[in-house]
Amino acid sequence: MDKTYNHKLHEKDIYTFWEKGGYFPPSPKATEGQGKPFTIIMPPPNANDPLHIGHARFVAIEDTLIRYHRMKGEPTLWLPGADHAGIETQFVFEKRLKEQGKSRFDFDRDTLFKMIWDYVQENKGVMENQLRILGASCDWTRNKFTLDPEIQKIVYKTFKALSDDGLLYRGDRLVNYCTVCGTGYSELEVDRIERTDPLYYVRYKKIDSADYVVVATTRPEPIFADTHLAVNPKDKKNKDLIGTKVLNPLTKQEMEIIGDEFVDPEFGTGIVKLTPAHDFNDFQVAEKHNLPIIRAINPDGKISQAGGKYAGLYVKKARAAIVHDLQENGLIEKIDDKYQHVVGICYRCKTNIEPMTREQWFVKIRPLADKALQAVKKGEVKFAAERFEKIAIHWLKNLRDWNISRQIVWGMAIPAWQCKECNKWIITDSEAPMECSCGSRNLVQDPDTFDTWFSSGQWPFATLQTTEPGDFEYFYPTSVMNTGYDIVPFWVLRMIMLGLYTTGNVPFKNVLVHGLVRDAQGQKISKSKGNVINPIEMADKYGTDALRMGILWGALVESDIALSENNIRGQRNFGNKIWNIARFVLSTPLVSNLQSPTSNEDDERILKELNESIKKITDALDQYRLSEAAEELYEFVWKKFADVYLEKTKDRRGDAQPTLLFVLQESLKLAHPFMPFITEAIWKIANKQYSVNSPQGFFKEEALITARWPAS
RNA sequence: GGAUCCGUGGCUCAGCGGUAGAGCGUUCGAUUCACAUUCGAAAGGUCAGAGGUUCGAAUCCUCUCGGGUCCACCA
């Protein structure tokens, strides 16, 4: 054995040994299944991106749990996958096109899809190999991609079922629209930022007098499309205005002032303009009062035809022109240019979100959310940390209908065809329909694709229903869903809702939410800050084991962690400590006539301490307290075993050898879920040396990965 | 505005009702003996502040201050 452990000499070979040796698929197989299986569906990383440090964290967490349960002898399945990450990927791809002086509009739909498909297939392997580098013991024979045809079939079935159950509707609804990305976004994908913008006080002349009413607005540009103003009927100073008629300052059309309680009397003058086609509040009010909804801004970000002379201008230019015109006519009373408010911006490209009406598919969320809410409250889905249950419940109570269409190419096409004769929609879960019930064959498929979360929300059952026969029946509901708290509302809740809807059962019994990985100072990691930690680089430098221990060490799973290189280096040293314990212990041959246990008090003490540590580590793992388990392991191996016990055996080596071997063997088992490579490497050496010629049968299993977890 | 979390030694974090803990960092010392990716030792905290509950509080309650995160229709 070398003086120090060199991870580069072992990691690759060991992973190959595991993968080729078939240690990852569940054993026994589902169809022969006995006992309770342990299952984790891996949150599929973006197929297109290399892994970042956050992925390393979920690998460390999930692989540790998986290896622990596998060693306990449970049929253990960790199902890997890759996500097509619709908007995200198309965004990146379009950036590449741009570098080549092209854009998505240079290609037809099918060509573009094919191009992105090839691009993603090319990159997907990178991500998968990085999972291997990180030691992920997932079952590659069951690997899935979110756009696999068999997954798509399942998603289509769900879509059709939602339609048949009346939970799907197509409505001319207001959506958050990004004019740059060319797509509608769900509420969740809109970032809110605080910003200072001018607040314009615009005069509206009363029709029956020379007086004005003044309206404060940050959005003067759609004024031409406004037909009503509103005041709060409880607002003493303004309530008398209800019913008053004024003139639209741009079109000179007559406008009526209505009363609605949504108006905040404290904002501006207490009088607001209603722009139902581009504001969520106003839209609601318009629906309530049956007001016309006139589009002022087109999906391309330009002013609509209704804008008259402003039509075709981009919003910003139109605003300047309109403000200028209003000023010329003395219709702007003042401009408060220090007005702070919160605006929605696109979470991808940071462009202003324009709420606008667009035909979209919506899922009625209440029936789904109510069931999910019950399941959470009844504990059918448990959150390992209570506070995330609270957050989930809060969300489930407040969810709105879910817009599941996206106007992008890179995604799963929506299996809905519209008849051009009678405008009816035909939804199918199999072949494209040939003709409409009206007899027409002029059918056009919806050009939209599904929201990524609509398909990935079905991931747990869609994967298991399309792997090996019997998998779904055996492994579903899965044991644990582990994911970052940033996507609990996006993903976890949708999986619960769609899982319950489609299978009648929750998709997983436990939710283990993990925190973010931050830099050593606790700063959020971002490319712009330049504090990115590349997990693959760290694994290369210090070894995967050290990286994984470094990540698990020091903070609870659900908290954010501040990851420093020092920390990883410290764990590399710990690995080396294990290596040298083994070097010490394995350097002395076992005298075969010595029977263990001996009656030496040091031996007895270390065996007692070993038992205590086994118990603590096992308990901690069962409660997902991985940092506690890792710390107990560290403490036992380094302090109790190496520093104290091992030192004391130096003058009685022959006598202590059975105990040394036993404690080393058990320590390797305890350490394996956390540090799989180095422990397997040592095990191989020990197995060669001892499995045959020790009467106690030390290190007898061929591979540590499937050796039995120690019993306390 | 609502929700939620956090404030413990220089740094990053455990502990969550019974005499203050770890890792890193710092200081001092050791070292041909498995490991300098080492070993031994030390310094360093009135557990944000103020009240309260309790025989007893870092740990429970209230308030204040300071940070973070998520949500929200304030145009």
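Owing to the predicted nature of the structure, the values given are computational and were not obtained by experimental measurement.
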Item checked: Option among A:E666, A:E632, A:E635 that satisfies the side-chain hydrogen bond (donor to acceptor under 3.5 Å, both in side chains) test with A:S613 -> A:E632
Margin query: Any strand counts, and the cut-off is 3.5 Å on both contacts for Watson-Crick or G-U wobble. Which nucleotide pairs with B:C13?
Written below: B:G21
Next item on the list: For A:S564, answer base if it contacts any base atom (sugar-phosphate contacts may also be present), sugar-phosphate if it contacts only those atoms, and nothing otherwise; contact means non-hydrogen atoms under 4.0 Å.
Entry: nothing
Note to self: Tell me whether the side-chain N/O atoms of A:N573 come closer than 4.0 Å to OP1 or OP2 in B:U38.
What the structure shows: yes
With 3.5 Å as the limit, what N/O pairs link the protein to nucleotides 6-15 of chain B?
from  : atom 1 : to     : atom 2 : distance (Å)
B:C13 : O2'    : A:G554 : O      : 2.0
B:A14 : OP1    : A:S559 : OG     : 3.2
B:G15 : OP1    : A:R625 : NH2    : 2.7

Next item on the list: With heavy atoms under 4.0 Å as the rule, sort A:W579 into base, sugar-phosphate or nothing.
Entry: nothing
Next item on the list: Select base, sugar-phosphate, or nothing to describe what A:N566 touches, counting heavy atoms under 4.0 Å on all strands.
Entry: sugar-phosphate
Margin query: So A:R572, base contact, sugar-phosphate only, or nothing? Heavy-atom distance under 4.0 Å.
Written below: base
Next item on the list: Let me know which of A:H7, A:E565, A:Q571 forms a side-chain hydrogen bond (donor to acceptor under 3.5 Å, both in side chains) with A:Y542.
Entry: A:E565
Item checked: Identity of whatever pairs with B:G29 - Watson-Crick or G-U, under 3.5 angstrom -> B:C39
Notebook entry, point to check: Between B:U69, B:A75, B:C35, which nucleotide gets closest to the side-chain atoms of A:T218?
Noted result: B:A75
Next item on the list: Specify whether A:F388 and A:Y485 have parallel, tilted or perpendicular ring planes, treating 30° as the upper limit for parallel and 60° as the lower limit for perpendicular.
Entry: parallel
Next item on the list: Among B:G23, B:A75, B:U4, find the nucleotide with the atom closest to the side chain of A:I391.
Entry: B:U4
Check: If you look at every strand shown and take non-hydrogen atoms under 4.0 Å, does A:L516 touch a base, only sugar-phosphate, or nothing?
Finding: nothing
Margin query: Measuring centre to centre across the rings, with the benzene-like ring taken for any Trp, is A:H10 within less than 6.0 Å of A:Y5?
Written below: yes
Next item on the list: With heavy atoms under 4.0 Å as the rule, sort A:D282 into base, sugar-phosphate or nothing.
Entry: nothing
Shorter than 3.5 Å, N or O on both sides, protein versus nucleotides 39-41 of chain B: list them out with atom names.
from  : atom 1 : to     : atom 2 : distance (Å)
B:C39 : OP1    : A:K577 : NZ     : 3.1
B:C39 : OP1    : A:W638 : NE1    : 2.3
B:C39 : OP1    : A:D643 : OD1    : 3.3

Check: Is the distance between the ring centroids of A:F362 and A:W402 less than 6.0 Å?
Finding: no
Next item on the list: Provide, to the nearest angstrom, the distance between the CG atom belonging to A:D545 and the P atom belonging to B:U37.
Entry: 19 Å
Notebook entry, point to check: Within the structure shown, what part of the strands sits under 4.0 Å from A:K390 by heavy-atom distance: base, sugar-phosphate, or nothing?
Noted result: sugar-phosphate
Check: Should the ring pair A:Y634 and A:W553 be called parallel, tilted or perpendicular, given that the plane angle runs from 0 to 90° and is split at 30 and 60?
Finding: tilted
Checklist line | Rounded distance in Å - CG (A:N352) to P (B:A75) | finding: 12 Å
